[in-house]
Amino acid sequence: MLKCNVCGGTYEPVLADGSQYFHACAPLSVVELRDALEKKTVSLRPAQQAQLDAATADDQKTPVAADQLSRVDRVLASLVVERPNKRDENIAGAGAPGQPAPVKRETLGTTKV
Amino acid sequence: MADELAGVTEQIFEPSPARIQAGPPTHYPWLFSFTGEDVLEVTSWNSAAGVRLRISGRMHASPDLVIPFSATHTPASDRSAVTSIVTLPPGELLNAIVWAESGAPQAGQTFVRVAVRRGMGAAFERLGVLIQGPVTASAARAFPGSPVQSPLEGEPYLRVISGTTPGAGGDISETVPTGARWEVISLFFVFATSAVVGDRRINVAPLSGGENYAGTSNFSTVPASTTNSFSFAQNLPSTSDPINSVYQGAMMDRFLLLAGATLRVNVSQRKAGDAFSGISYVVREWIDV
């Protein structure tokens, strides 16, 4: 079992059928994205920021009922914002003869758990 | 009566055999003469562990001499292309066969092309294709006899995948490997909510090129302090049994994802301490090269 040093996800690199599993970090979840925006560790693309600003204004103008999803929450759930240092173990083409194929983004690597 | 038929002739149109009745196209050995300048180029793409291919055949070297040949080829297991060269004695290629002599690849896991090429270095010309298609330990491809196939024409591998258990606060995100194409059949996971009050809603969405392009949900919300099992599958009705914490929903039919695309599960109104686990899903996986 490996633990990704970027996202903290855990996985088996070889599955029960013997095939290889290639981990790639998930985009930021709603909780992570909200936190990252508050800490300004990520920035949205202009179109995404415009969506979020409009939803924030709508929520302030006509607040939703307590049992309904806020417009901001809906927008945050729909955004795809990759985490800084995202790892992607998928191969980037064939390797040199006799060498393993290069991975797309190794960044901070993994830890055995 | 006879006058009425005068000048009338009858023409019979006989049915010509449909392409499917004629059988698959075949190659004929006399098309491939080898003088020593050309070689066989064997290229494989494979996702199974421990596979080794055997390439064998016979050369008609002279009127009274048939020479057999045989070579092995070891594919990678990450779907990357691996190429090896088989040299042949001068003569006409009578037949060739390729199959998996080691390992136990399932249908759709191992794809091979045997081509004729001139030149063994970086500069070469590929001059013909003899064999191209999927192989297993018992299903060989042969020249002549087997049709030249695209990897997308064959039956895909039915693959059960245990996904990444996300770290704290993370979503489920599963990416189609390089060199593969998926049709997602079903997805199962457990979602445990923390004691923070609030209703959560699960969303399943495909991502491609950094964009959501569809989405489905169970539409029932999940309360705090519960551990819930979720199943999504093609044609599965969307319903739930909140008392027993069981939820299910439909995914798109023909839910196809290309390499690099992502199957994502996220949560609206997610709270700190909510967590996913037990992620497993079934895909039909083609080698897509």
Side-chain angles (χ1 to χ4, degrees), chain A residues 1-12 14-35 45 48 66-70 72-83 86 88-95 97-104, chain B residues 45 47-50 76-84 103-104 106 109 157 159-180 198-199 201 203 205 207 209-212 215 221 259-260 262 264-274 276 279 285:
Chain A
M1 179 81 76
L2 298 177
K3 181 175 184 178
C4 174
N5 292 336
V6 175
C7 69
T10 52
Y11 57 94
E12 292 287 355
V14 177
L15 300 178
D17 67 353
S19 64
Q20 292 187 64
Y21 177 81
F22 300 95
H23 167 78
C25 294
L28 294 170
S29 69
V30 172
V31 171
E32 293 170 323
L33 180 56
R34 187 178 281 126
D35 185 55
R45 298 199 306 265
Q48 292 175 323
D67 60 346
Q68 290 183 326
L69 294 178
S70 71
V72 165
D73 206 77
R74 284 186 203 166
V75 168
L76 289 175
S78 72
L79 296 181
V80 181
V81 180
E82 301 293 357
R83 62 191 66 233
K86 172 188 174 173
D88 187 346
E89 296 176 350
N90 282 291
I91 62 170
Q99 300 295 315
V103 302
K104 287 184 176 175
Chain B
W45 296 264
S47 66
S77 58
D78 57 8
R79 301 174 195 77
S80 60
V82 173
T83 296
S84 63
Q106 301 292 302
Q109 283 195 285
Y157 176 47
R159 189 170 178 217
V160 181
I161 301 173
S162 298
T164 296
T165 300
D171 286 338
I172 295 172
S173 176
E174 298 294 321
T175 300
V176 184
T178 303
D199 289 338
R201 179 174 290 166
N203 310 300
L207 303 182
E211 299 289 344
N212 281 314
T221 53
T262 298
R264 181 191 192 190
V265 180
N266 70 359
V267 187
S268 300
Q269 292 196 323
R270 184 173 181 155
K271 311 298 181 194
D274 294 351
F276 288 107
I279 297 116
E285 182 179 282

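Side chains are part of it too, since the values below use all heavy atoms of this structure and drop only hydrogens, waters and symmetry mates. These numbers come from a predicted model, not from an experiment. In what follows, every chain begins at residue 1, and chains take the letters A, B, ... in the order their sequences are listed.
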Check: Do D73(A) and R270(B) meet the salt-bridge criterion of a basic N to acidic O distance under 4.0 Å?
Finding: no
Identify which part of [X] has an atom lying under 4.5 Å from any heavy atom of chain B, answering side chain, backbone, both or neither.
X      : value
Q20(A) : both
L15(A) : side chain
K3(A)  : neither
L2(A)  : neither

Next item on the list: Specify whether Y21(A) and Y11(A) have parallel, tilted or perpendicular ring planes, treating 30° as the upper limit for parallel and 60° as the lower limit for perpendicular.
Entry: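 Taking Y11(A) first and then Y21(A), their aromatic rings sit tilted (interplane angle of 30° to 60°).
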Note to self: I'd like to know if the side chain of D171(B) pairs up with that of S173(B) as donor and acceptor (distance under 3.5 Å, no hydrogens or angles considered).
What the structure shows: no
Margin query: Which residue in the set T178(B), D78(B), V176(B) passes side-chain contact (heavy atoms from CB on, under 4.5 Å) when paired with F22(A)?
Written below: D78(B)
Next item on the list: Side chain from CB out, backbone as N, CA, C, O: work out which of these in V82(B) comes under 4.5 Å of a heavy atom of chain A, or both, or neither.
Entry: neither
Notebook entry, point to check: Side chain, backbone, both or neither: which part of T164(B) has a non-hydrogen atom closer than 4.5 Å to chain A?
Noted result: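 Looking at T164(B), backbone and side chain both touch chain A.
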Item checked: Max heavy-atom pair count under 4.5 Å with chain A, selected residue of A81(B), S47(B), S162(B) ->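 The option with the most such pairs is S162(B).
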Note to self: Let's test your reading of the structure: which of I161(B), T83(B), N203(B), D199(B) forms the most heavy-atom pairs below 4.5 Å with chain A?
What the structure shows: I161(B)
Next item on the list: Determine which residues belonging to residues 25-32 of chain A lie within contact range of chain B, meaning some heavy atom pair is under 4.5 Å apart, and list them by number or answer 'none'.
Entry: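 So far as heavy atoms go, C25(A), A26(A), P27(A), L28(A), S29(A), V30(A), V31(A), E32(A) are the residues that approach chain B to under 4.5 Å.
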Next item on the list: Mind listing the closest non-hydrogen atom pair of V80(A) and L207(B) along with its distance?
Entry: CG2-CD2, 3.5 Å
